[in-house]
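Input: a single structure, listed below in structure tokens.
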Amino acid sequence: MSANTSPAGQQNAATYDSAFMKACRREPVPHTPVWFMRQAGRSLPEYRKVREGTAMLESCMMPELVTEITLQPVRRHKVDAAIYFSDIVVPLKAIGIDLDIKPGIGPVVANPIRSRADLAQLRDLTPDDVSYVTQAIGMLTAELGSTPLIGFAGAPFTLASYLVEGGPSRNHENTKALMYGDPQLWADLLDRLAEITGAFLKVQIEAGASAVQLFDSWVGALAPADYRRSVMPASRKVFDAVAPYGVPRIHFGVGTGELLGLMGEAGADVVGVDWRVPMDEAVRRVGPGKALQGNLDPAVLFSTREAIEAKTDEVLAAASGLEGHIFNLGHGVLPTTDPEALTRLVEHVHTRTAR
Ligand SMILES: O=C(O)CCc1c2[nH]c(c1CC(=O)O)Cc1[nH]c(c(CC(=O)O)c1CCC(=O)O)Cc1[nH]c(c(CC(=O)O)c1CCC(=O)O)Cc1[nH]c(c(CCC(=O)O)c1CC(=O)O)C2
């Protein structure tokens, strides 16, 4: 921990009164805050331009480039929060796992983890392993002023799936084989990943991130009983690790309609909802005391302006009774989305919800 910070004093004072932070705390807001998962990235021509000739993982280690890319959607769309530009596999790369992000495929791991001996690949993460993150967040928070920066990490289950399968997987068969066949090794693997993930989020908060989001993108592949038994303890460990900082903790996964309550119980302050469950139903499943984030289907943005507005109004109506609502898509911005549709969407949500 640096000399001038303490866990209790971590909240970034400049962003404390922003609409996004208020919604996370379930306080009244001047308008519903909006940001988009994957708002930085391939949908933006200015992103494609600055990324030309630089590989994805290499970009994530270049603080000036990360700062520029993170700021691009804030400038263009006037979203209410920035999300740190990185990828869920960055902390794994930082501790020396041999992996790469292959264009059109995703993260690919050279030596998948399937045995107890393989666990040795997963050493602890220290702030020095990711000094470029600390550096970039320092530059970013200076530029962002009162706009909050969201830090993020992949959750233990989703990271484990990449590590065990060796890459993206539709059915997660090797992952599930390990989870059911060797529960102790599985628990130890998730616990290691929880340590690394907790340490990585701490680095981002200490550097100035106002909130964090834990992406369990693939956990919707599990039934609730398996989630509770085999995943929740590790996700809870990550949330507990950052709890002393008091920053909002967001938890999101895809196809998690049956898991929303448990994902809240794991320790999230804000539960992200994909587009399959309407917000008024999601709030029943999550229960009181949590804000919700979501949930326009990202594919709707390919439709007409009228249809986009009508579907947006449906989301806003379903969310109107919520204590805290952060508008987002039900998953990341699709790479071929028209960025102007995103800018108009931000404006529409702000106008419709202005109080
Ligand atoms: O199609 C490809 O080329 C590989 C895409 C891919 C990557 N990581 C991956 C995947 C699998 C997938 O998303 O399906 C693997 C990946 N990265 C991420 C997630 C979590 C999720 O989206 O549910 C996942 C898992 C999701 C999954 O595999 O379905 C998270 C991620 N990647 C990234 C960001 C940062 C950001 O967008 O600001 C973020 C998180 C913050 C956010 O939502 O905004 C950045 C990222 N990672 C990646 C790319 C594309 C590569 C490039 O620009 O050169 C990009 C940029 C972009 O999306 O346009 C690589």
Side-chain angles (χ1 to χ4, degrees), residues 34-62 65-74 76-77 79 81-93 99-109 133 136-137 140 148-163 165-172 175 197 200-201 204 209 211-221 250-256 263 272-275 293-295 298 326 328-337 339 342:
V34 189
W35 71 279
F36 305 120
M37 293 181 278
R38 301 284 184 111
Q39 64 190 15
R42 291 165 292 180
S43 66
L44 299 182
E46 58 270 37
Y47 169 82
R48 298 195 295 267
K49 184 152 181 273
V50 296
R51 273 289 317 282
E52 243 168 59
T54 312
M56 178 64 196
L57 279 173
E58 201 186 319
S59 319
C60 294
M61 295 168 195
M62 298 166 67
L65 186 58
V66 167
T67 301
E68 166 59 21
I69 292 173
T70 303
L71 292 172
Q72 285 177 346
V74 180
R76 185 192 262 262
H77 302 312
V79 281
I83 178 133
Y84 183 74
F85 181 78
S86 181
D87 191 77
I88 56 168
V89 295
V90 163
L92 301 178
K93 182 78 181 175
L99 62 82
D100 200 4
I101 295 181
K102 297 249 189 318
I105 299 171
V108 176
V109 178
V133 173
I137 292 183
L140 270 167
L149 175 71
I150 305 167
F152 78 92
F157 176 82
T158 293
L159 294 180
S161 174
Y162 276 114
L163 288 170
E165 302 292 341
S169 162
R170 184 182 294 264
N171 296 314
H172 312 280
T175 311
T197 301
F200 187 55
L201 289 178
Q204 297 177 62
V212 289
Q213 175 156 324
L214 189 64
F215 280 90
D216 215 348
S217 312
W218 288 356
V219 80
I250 313 171
H251 200 13
F252 169 79
V254 185
T256 49
M263 290 176 73
V273 183
D274 84 357
W275 64 93
Q293 177 173 283
N295 73 343
I326 297 143
N328 205 313
L329 303 178
H331 197 189
V333 171
L334 296 165
T336 55
T337 304
L342 290 166

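Position 1 is the first residue of the sequence, and the numbers go up from there. Each ligand, and each atom within it, is numbered from 1 in the order the structure gives. Here the structure is a predicted model, which is why all the values come from computation and not from measurement.
- Applying the side chain to side chain donor-acceptor pair (under 3.5 Å) rule to Trp35 yields the partners Gln293; only residues at least two apart in sequence or on another chain are considered.
- Taking the six-membered ring where tryptophan is involved, the planes of His172 and Phe157 are tilted, since the angle between them lies from 30° to 60°.
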Taking a 3.5 Å cut-off between nitrogen or oxygen atoms, can you list every pair linking ligand 1 to the protein, with distances?
unit_1, atom_1, unit_2, atom_2, d
ligand 1, 1 (O), Arg42, NH1, 3.2
ligand 1, 3 (O), Arg42, NH1, 3.3
ligand 1, 3 (O), Gly104, N, 2.7
ligand 1, 8 (N), Asp87, OD1, 2.7
ligand 1, 13 (O), Arg38, NH2, 3.0
ligand 1, 17 (N), Arg38, NH2, 2.9
ligand 1, 17 (N), Asp87, OD1, 2.8
ligand 1, 22 (O), Arg38, NE, 3.4
ligand 1, 22 (O), Arg38, NH2, 3.2
ligand 1, 22 (O), His331, NE2, 3.4
ligand 1, 23 (O), Ser217, OG, 2.5
ligand 1, 23 (O), His331, NE2, 2.7
ligand 1, 28 (O), Tyr162, OH, 2.3
ligand 1, 29 (O), Trp218, NE1, 3.1
ligand 1, 32 (N), Arg38, NE, 3.3
ligand 1, 32 (N), Arg38, NH2, 3.4
ligand 1, 32 (N), Asp87, OD1, 2.9
ligand 1, 37 (O), Ala40, O, 3.0
ligand 1, 43 (O), Arg38, N, 2.9
ligand 1, 44 (O), Arg38, N, 2.6
ligand 1, 47 (N), Asp87, OD1, 2.8
ligand 1, 53 (O), Tyr47, OH, 2.6
ligand 1, 53 (O), Arg51, NH1, 3.0
ligand 1, 54 (O), Arg51, NH1, 2.9
ligand 1, 54 (O), Arg51, NH2, 3.0
ligand 1, 58 (O), Arg38, NH1, 2.7
ligand 1, 58 (O), Arg42, NH2, 3.2
ligand 1, 59 (O), Arg42, N, 2.8
ligand 1, 59 (O), Arg42, NE, 2.7

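- Remark: Glu165 engages no residue in a salt bridge (charged side-chain N to carboxylate O under 4.0 Å, His left out) (not counting sequence neighbours).
- Using bins of under 30°, 30° to 60° and over 60° for the plane-to-plane angle, the ring pair His331/Phe252 lands in the tilted bin.
- At a threshold of 4.5 Å between non-hydrogen side-chain atoms, the residues Lys93 and Asp87 do not count as touching.
- Looking at residues two or more places apart in sequence or on another chain, you find no side chain to side chain donor-acceptor pair (under 3.5 Å) involving Asn328.
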